[in-house]
Every structure is written in structure tokens, then in C-alpha cells.
Amino acid sequence: MLDPKLVRSEPESIAEKLAVKGFTLEVEKLKELEAIRRQLQDKAQSLQAERNAYAKSMGKAIGEAKAMGEDITPLKAKGEELKKACVLAEEDFGELQNQLENYLSGIPNIPDAEVPAGNDEDDNIEIRQWGEPRQFDFEVKDHVDLGADSGLLDFETAAKITGSRFAVMRGGIARLHRALVQFMLDTHQLEHGYEEINVPYVVNRDSLYGTGQLPKFEEDLFKLEDDRGFYLIPTAEVPVTNIYRDEIIEADQLPVKYTCHTPCFRSEAGSYGKDTRGMIRQHQFEKVELVQFVKPQDSTEVLEQLVGHAEAILQKLELPYKTVILCGGDLGFSSARTYDIEVWLPSQQRYREISSCSNFRDFQARRLKARWRNPETGKPELLHTLNGSGLAIGRTLLAVMENYQQADGSIKIPDVLQPYMGGQTQIG
RNA sequence: GGAGGGAUGGCUGAGUGGUCGAAAGCACCGGUCUUGAAAACCGGCGUAUCGAGAGGUACCCAGGGUUCGAAUCCCUGUCCCUCCGCCA
């Protein structure tokens, strides 16, 4: 959520910035609601003040009246009247406040000034590129065919068990998948200074509101048929970022850096026909996530570091990639700036997203009430939150399969993963 | 699944219908003292929101209710703790 004060005081300039994201801020509607809000709030609060003052004076008045043997009914009647007027005004105010709140919580974050204009991923801008795509002297296969040949990656059985967009992995592929997880967690923990944590995969509505998935993006989620209103997590970002919901972190504890491996569940509503083949887009996939809570003045620099931590994984795996900055139109709802890392897939002869690293500034923190105590002011102030995939496991697995395939259909295991595979050097 | 107990400010913890936005201690900030520090003493110190300001309003787990008036009484829910049972 944006700072309501800011939205109120300079809606025109915010509208201009949000236009980069393709969002139209209804300035006139906002101003109108705001004017009514002031009126209703003023009315409700002055009635409340009157009611409070009267109730306060009543203790004494009732005592005196009783001592004098007087009837106290008229005293009570006046109070009753005040209360009724008060309740009506409160209801009006409450209703309007809900309207305003709903509108405000649907406004996306303001993009950084450096975010390029553009409508979709075609307008994203390349920042850097690493590694050279390998030249194959045989015809490359994609991971689906490679998996089918060895029998170690099986989409048909998964479709029987559940439906489309699921996978069954066996033997060496299942092990490679697990090795990737261990390798990434170890690297982030030992080399990049993140604390490994393990969190619930089922979350409540408040948590999803805090990180911005709700109320706007409910259709992307799997909701449990349970009257407690639980959802499966679409990313570790949700449970991990919510660790500090309604908390105040002491300055000397910052930055807080967490790395977390979880499955992610996404309904992929609206993506029919898109990436239907293989592991690219699944309803269930695993991810190692990086999350940081930092002082506001640090977040710009920390995003660069965080992207570097994700890139380090690809470099160690010797997978060619490029890093792009998302244009306004492709930027997520809560993000002020996002870098995507795209890995080279020889079967598609192009780079595909494998990580997304974002700075949310205080947007999530305001929803979460995640704060730190600023020693300079002594006051609790909003933190900045950031996160990024470090990396998506399924997509890394298929990138390894495709980039490390050999003419006979076997797959060489990258050097850094061999210790996690018991010294095994190839699959199949 | 059964039986009890609890949830109050950054923390501990008092508070069973009006004088309570809330005692006290700790922590923290400012000052006095000191060569410096500690101790001692004095003062300050919740959050959000509206307002130019004075000040107002809301908040004692959450949501309802009773009452002229609720941290306090009633109902529902959530979470935590103890005991019994069951269980990976």
C-alpha cells in the first residue's frame, strides 16, 4: 500500500508515476471520496467527543440525583440520544473508510524513476549477459524428450495422478533436483550470509494481504476448502516476509537475510495454452527464495547484491544467462523495481526467466506493519523488504538437463553438484 | 478428542463498571553529579489517525453484545500454556 498521506497530498504526481505501470489513478474520484471522508470523520469524531464527555459527567450526576431522590431516567435518555446519533455517524464514516481503503489497497507500488517505460516483456531492457551458449555438434533435445528417453521425468503419470502441469521425477533426476536445492541453500547460507529457515506452506488471508497477493490476485492461488480461509503458498515470499508482520526490529538486527526452500503452488488461471509442454510452468514447483528486511536507505544497493546472489548460482552451474530490468508494464503489483534473470535454453534457442528479484520499498511493510526502531528518531519506522528467487528449482533442473545433455541422451552433472550427488558425474 | 488457565504499552506486570490510554519495574532518551564511566537523583518516554495549532478520535488478542458509560460484564472466534487420551 502507498502512503495514504502522499496519495492525498499529491495525487497528480503519483498518477503520473503510476502511468508508467499502466495503472490509471482516478484522481477526481479520490479527491471526492477524500472530501466526504473529512466531513464524515469530523462529524463522527465530534459526536464521539460529546458522548464521551457526557458519559464522563454522568457518574457524578447520577450519584447526586440518586442522593437527592431524583429520577435519573431523563439523564439516561439524553445519553441514549447521543449514542444513537454517534452510531449513525460512525456507520457512515466506516462505510466510506472501507471504500477508500479498498481503493487504496488496489493501487500498485510506484515504480522507481529508473524503470523503463513499456507494456510487456518485449520492452524489458538487458542489463548484462554472462556466459556463452554452448555449441552442440548434434541435434539438441528439450528436457521433455531427454526425460522421456531415460524414463526419469514423467508427465503422463503425473497427469494420471493429478492432472496437467505436474511432474513425476525418478532416480537420477529426482536426485539432481534435490542436489540443486542443497547446493543453493548451502551457497546462500555459507557464502552470502543468509539464515536458512523453514516455514509453513499453508497461510492465512492476512499473510497474503501483507505481501500483496490479496485482495487483487486471488485467482492465482489455490484456496483450501476449509472454513479457516487457508491458502497454499504461491511462493516462500509470503510466509517468510510475514515473519515480521506487526513486529518492530531493533536497528542492530538489520539487515535480516533469510533463505528458504519451499514448494510453490499456483493455479495458473489464465495461462491456458502457455508453456504447456514440460516443466516451465507447473502448478507445483520448488524454489529457494531470498528475502531481506533492510533499512530504507539501504534497499537500492541491497537489490543489486541480491541479484548478484542469484546470479552466482548460475555462474557456479556454468549456465549462460542474461539479466534484464522489467519495464513498467511488466512490473509486479507490489514491486518498485524488478530484475529478471533469464537462463539460456538450447531447445528454445532463447533465454527464459529463472529468477525475479524485487525491491518493494515500504509497500509491503506498510501493509504488514513491519517496522524497525530508528535510533536517530527513536521511533518505529517502516522497513524496506526485498526478495528474489535464488533460484526456481524446476527451471534450473531443466536448464541443467538441456545445457549439459550429451549426444547419447545422457546428462553430465555440473562440477559443483557432484559432491551433492555422491560423486556421480552423469545421469543416464 | 476431553478438562482447566491465559492474551494489557519495546519487555515484565497491576488493574473486576465512571476518577484508566492504563500503576509499577526494566529498557530507552535528556539532565545533574563525575577526570571518564558506573551508581544515585531529576525529567521524559505507546501506536495510529484527523487537525495549521490548541486539541480531538480510535486502539488493553479479534469480532459481536449489554450499559448513559467497558481493559473490566456476556457471546463467538483465534492463538498460547498445563493435564489426560490419541498419534507421525
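Quantities reported herein were computed from a predicted structural model and do not represent experimental measurements. Per chain, numbering begins at 1; letters A, B, ... match sequence-line order.
Heavy-atom distances to RNA chain B give each of A/Lys83 and A/Glu250 a nearest nucleotide, and the one nearer the 5′ end belongs to A/Glu250. If you find the closest nucleotide of RNA chain B to A/Phe230 and to A/Ala77, the one lying nearer the 5' end belongs to A/Ala77.
Contact check, A/Arg38 against B/U49: no side-chain N or O comes under 4.0 Å of OP1 or OP2. Contact between the side-chain N/O atoms of A/Arg8 and the OP1/OP2 oxygens of B/C50 is found at a separation under 4.0 Å.
Both distances falling under 3.5 Å, in either a Watson-Crick or a G-U wobble arrangement, occur for no nucleotide opposite B/G51. Searching all strands for a Watson-Crick or G-U wobble partner of B/A23 with both distances below 3.5 Å returns nothing. In this structure B/U82 sits in a base pair with B/A3, meeting the Watson-Crick or G-U test at under 3.5 Å. Base pairing of B/C28: its partner is B/G44, meeting the Watson-Crick or G-U wobble criterion (both donor-acceptor distances under 3.5 Å). Across all strands shown, B/A71 has no partner, as no Watson-Crick or G-U wobble contact with both distances under 3.5 Å is found. Pairing partner, B/G36: none, since no Watson-Crick or wobble contact has both distances short of 3.5 Å. Across all strands shown, B/C61 pairs with B/G77; the Watson-Crick or G-U wobble distances both stay below 3.5 Å. When both pairing distances are held under 3.5 Å, B/A14 makes no Watson-Crick or G-U pair with any nucleotide shown.
Between the CG atom of A/Leu82 and the P atom of B/G69 there is a distance of 10 Å, given to the nearest Å. If you measure from atom CZ of A/Phe93 to atom P of B/G56, you get 17 Å, rounded to the nearest angstrom. Per the geometry, CG belonging to A/Leu6 stands 13 Å off P belonging to B/U49, to the nearest Å. Rounded to whole angstrom, the span from the CZ atom of A/Arg366 across to the C1' atom of B/U49 amounts to 14 Å. In this entry the distance linking CG of A/Asp246 with C1' of B/A48 reads 12 Å, nearest Å. Distance, A/Glu50 CD to B/C68 C1': 13 Å, rounded to whole Å. Rounded to a whole Å, the CZ atom of A/Arg373 is 9 Å from the C1' atom of B/G46. In this entry the distance linking CG of A/Asp92 with P of B/U57 reads 19 Å, nearest Å.
With P as the reference atom, B/A70 and B/U19 are 10 Å apart, rounded to whole Å. A distance of about 11 Å separates the P atoms of B/U32 and B/A37, rounded to the whole Å. B/G77 and B/A52: their C1' atoms are spaced 44 Å apart (whole Å). Atom C1' of B/A14 sits at a distance of 28 Å from the matching atom of B/G64, rounded to the whole Å. Comparing B/G6 with B/C29, their P atoms are spaced 37 Å from each other, to the whole Å. Separation of the P atoms belonging to B/U47 and B/C42 is 25 Å when rounded to the nearest angstrom. Of the C1' atoms belonging to B/G21 and B/U49, the separation is 15 Å, rounded to the nearest Å. Atom name P, nucleotides B/A62 and B/A71: the rounded distance is 12 Å, in whole Å.
A donor-acceptor pair shorter than 3.5 Å cannot be found between the side chains of A/Ser358 and A/Arg337.
In terms of modelled atom types and a separation under 3.5 Å, the side chain of A/Glu250 and the main chain of A/Asp252 share no donor-acceptor contact. Checked by atom type and distance alone, the side chain of A/Asn204 pairs as donor or acceptor with a backbone atom of A/Asp206 at under 3.5 Å.
In this structure, A/Lys5 reaches the sugar-phosphate backbone alone: every heavy-atom distance under 4.0 Å involves primed, P, OP1 or OP2 atoms, never a base. Among the heavy atoms of the strands lying under 4.0 Å from A/Pro380 are primed sugar atoms or P, OP1, OP2 only; no base atom is included. Note on A/Asn52: only backbone sugar-phosphate atoms sit closer than 4.0 angstrom, heavy atoms only; bases stay farther off. Among the heavy atoms of the strands lying under 4.0 Å from A/Lys56 are primed sugar atoms or P, OP1, OP2 only; no base atom is included. Using a 4.0 Å heavy-atom criterion, one finds that A/Lys379 contacts the sugar-phosphate atoms exclusively.
Proximity note for A/Arg371 (side chain, C-beta onward) versus B/C68, B/U47, B/U57: the nearest is B/U47. Of the candidate nucleotides B/G56, B/A58, B/U67, B/A58 has the atom lying nearest to any side-chain atom of A/Gln48.
Within the 4.5 Å cutoff, side-chain heavy atoms of A/Val168 are placed close to those of A/Ile161.
Atoms CD and CD1, from A/Gln426 and A/Ile413 in turn, are 8.0 Å apart once rounded to the nearest 0.5 Å.
Cation-pi geometry between A/Arg367 and A/Tyr209 is met: under 6.0 angstrom from the ring centre, within 45 degrees of the axis.
Of the residues A/Arg281, A/Arg165, A/Lys274, the one that meets the salt bridge (Lys or Arg N to Asp or Glu O under 4.0 Å) test with A/Glu268 is A/Arg281.
The aromatic rings of A/His192 and A/Tyr194 sit perpendicular, their planes meeting at an angle over 60°, well past the 30° parallel limit.
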